[in-house]
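This report concerns only the one structure given below.
When reading the values below, keep in mind they use all heavy atoms of this one structure, side chains included, and skip hydrogens, waters and symmetry mates. Everything numeric in this text was worked out from a predicted model, so none of it was measured. Both counts, for ligands and for their atoms, begin at 1 and track the order of listing.
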Amino acid sequence: MSERSIVIFDTTLRDGEQSPGASMNIQEKVEVAQMLSSLGVDVIEAGFPVVSPGDFESVQRIARTVKGTSVCALARCKPQDIQSAWEAIREAENPRIHVFLATSEIHRRFKLRMTQEEILMHTEGYVRMASQLCPNVEFSAEDASRTEMDFLCKVVEMAIRAGAKTINIPDTVGYAVPDQFAEIIRELKRSVPNIEEAVLSVHCHNDLGLAMANTLAAIEAGAGQVECTINGIGERAGNCALEEIVMALNTRRDYYHAMTRIITERLVPASCLVAGITGLEVPRNKAIVGRNAFAHESGIHQDGMLKNPTTYEIMRPEHVGFVKTNLVLGKHSGRAALSSKVAALGYSLDENQMNTLFEAFKALTDRKKEIYDADIRSLIQQVLLTAETVRWTLESYECRSGSHQKPFVSMKLRHGDSVLETSGDSSGDGPIDGIFIAIGHLTGHDLKCREYRVHSVSVGHDAQGEVNVAVDYQGVEYRGRGVSTDCVEASILAFLDAVNRIQEGN
Ligand code: KIV
Ligand code: ZN
């Protein structure tokens, strides 16, 4: 049986970024896009340019700098959206405009207040408009899975006639079940006369935990493109997870006879990067990339594994990017050892980034004897993210606390050329509350702390602590992350990271 090639359309930067609190700044989005390209993703949906100047700029920057993949921008059926999407991506190697319009009765009646005829007219007009600007146009029938089948067929036929090269069938609200969803794909293939002129795509949400099952069912029924996100992040319960769909096709090649271009060894680094940037932690038991995905606890399983790993393992951990040896570098490790570790972890850094990393690595070896993979990953992520993002930085701090006494906090922050300082007994409940209040005071932001988490990124008494926070500022949630061998310092860095995102408007 001949093998099909499935197009991987990644929407981590668009639908993924719509996860509450998962917003990324421009530099972070560019890093994620670069990683997606080196992962082998065919199409990167970089954002929704008309939404804000920040979104426009990040899509444009990705279009200009990220090579080897198609860069796509989202647009509603509105002239301004389509124009803005085109302006943002026109310099990409292979630009794609993604136009969408809701088609279901519920959306037509309550959201759009449009008749079927009006939907057809809009589809034709705006897909044609996008096609005149860009040869590569995708059309999505939003809420397709709840649309009357005969009407969906008409819309799809119209979109293809107007120039769409990819037709996407979203299960927008995660309502579909696998057999029914597969039948939609089969029916489109049977009934739409020009269907062979376009690639059929699916975009499944996970509200019932069925995104992956629905996506696989659609592939079996003939879909040629799947839309997914790293770690399955996305609106509400998220989207189909890229790593899961790729490894399902890879591992069950015997059944699906379908392959992707994804370099599977880069899946774990990709997952870590997105988790680190968004602050949306990967659950330990998450398929493929969770910390426990390859951990065998039961004695019977361990015995089987020792005799032959295939007894209990359907994939090898190294094939998805888990590296075998964890304990690595130390004080005497040089640049070459660090570079080869960076490559083994799946990252590609330019010379400047490598220089910064080496300095940060050396500084860490003064504070910590054994440097683990998790430490290196965390250093890389800081190097990748610092460049243009940091506005408030920590100069120094002192914090004292104890039973039955108010915490004492002294903190110096830099903001551009000015250094601001506060010192004295704090009204906070403890040291973390104390530094949080001091940061609010110095930066002039009225912040509410919504989430505070600390965990160790490696092992040992000198392990680095990673702090993840979510703060509320004027009703919007901003996330921040900080890493240090000193947990109070990591907390300050995390709160400042969140404050810097407020400054950048994301
Ligand atoms: O879920 C959805 O319908 C979408 C479309 C814009 C493709 O995200
Ligand atoms: Zn979606």
- [ ] Kindly write out the residues that satisfy side-chain contact (heavy atoms from CB on, under 4.5 Å) with A92, not counting sequence neighbours, or none if the list is empty.
- [x]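 If we apply the side-chain contact (heavy atoms from CB on, under 4.5 Å) test to A92, skipping adjacent residues, the hits are A63, V71, P95.
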Task: Neighbouring protein N, O or S atoms of the Zn ion (ligand 2) [cut-off: under 2.8 Å, no waters] - done: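 The answer is D15 OD2, H203 NE2, H205 NE2.
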Task: Charged N-O contact under 4.0 Å between K29 and E31 - done: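 Looking at E31 together with K29, the answer is no, because their closest N to O distance does not fall below 4.0 Å.
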- [ ] Considering only NZ, NE, NH1 and NH2 on the basic side and carboxylate oxygens on the acidic side, decide whether R453 and E466 come within less than 4.0 Å.
- [x]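 No.
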Open item on the list: For residues 240-251, which residue pairs pass the salt bridge (Lys or Arg N to Asp or Glu O under 4.0 Å) check, not counting sequence neighbours?
Closed with: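 Found E243-K286, E244-K286.
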Is there any protein N/O under 3.5 Å from an N/O of ligand 1, and what does the full list of such pairs look like?
| unit_1 | atom_1 | unit_2 | atom_2 | d |
| --- | --- | --- | --- | --- |
| ligand 1 | 1 (O) | H203 | NE2 | 3.1 |
| ligand 1 | 1 (O) | H205 | NE2 | 3.0 |
| ligand 1 | 3 (O) | T172 | OG1 | 2.6 |
| ligand 1 | 8 (O) | R14 | NH1 | 3.4 |
| ligand 1 | 8 (O) | R14 | NH2 | 2.9 |
| ligand 1 | 8 (O) | D15 | OD2 | 3.0 |
| ligand 1 | 8 (O) | H203 | NE2 | 3.1 |

TODO: Using the six-membered ring wherever Trp is involved, compare the ring planes of F9 and H98 and label them parallel, tilted or perpendicular (cut-offs 30° and 60°).
DONE: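 Taking H98 first and then F9, their aromatic rings stand perpendicular (interplane angle over 60°).
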Count the heavy atoms of every other residue, nucleotide or ligand shown that sit under 6.0 Å from [atom1] of [X], and state whether that count exceeds 12.
X    : atom1 : result
R291 : CZ    : no
D446 : CG    : no
M121 : CE    : no

- [ ] Would you kindly say whether T229 and N239 are connected by a side-chain donor-acceptor distance under 3.5 Å?
- [x]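 Their side chains do not contain a donor-acceptor pair, so the 3.5 Å distance test is not met.
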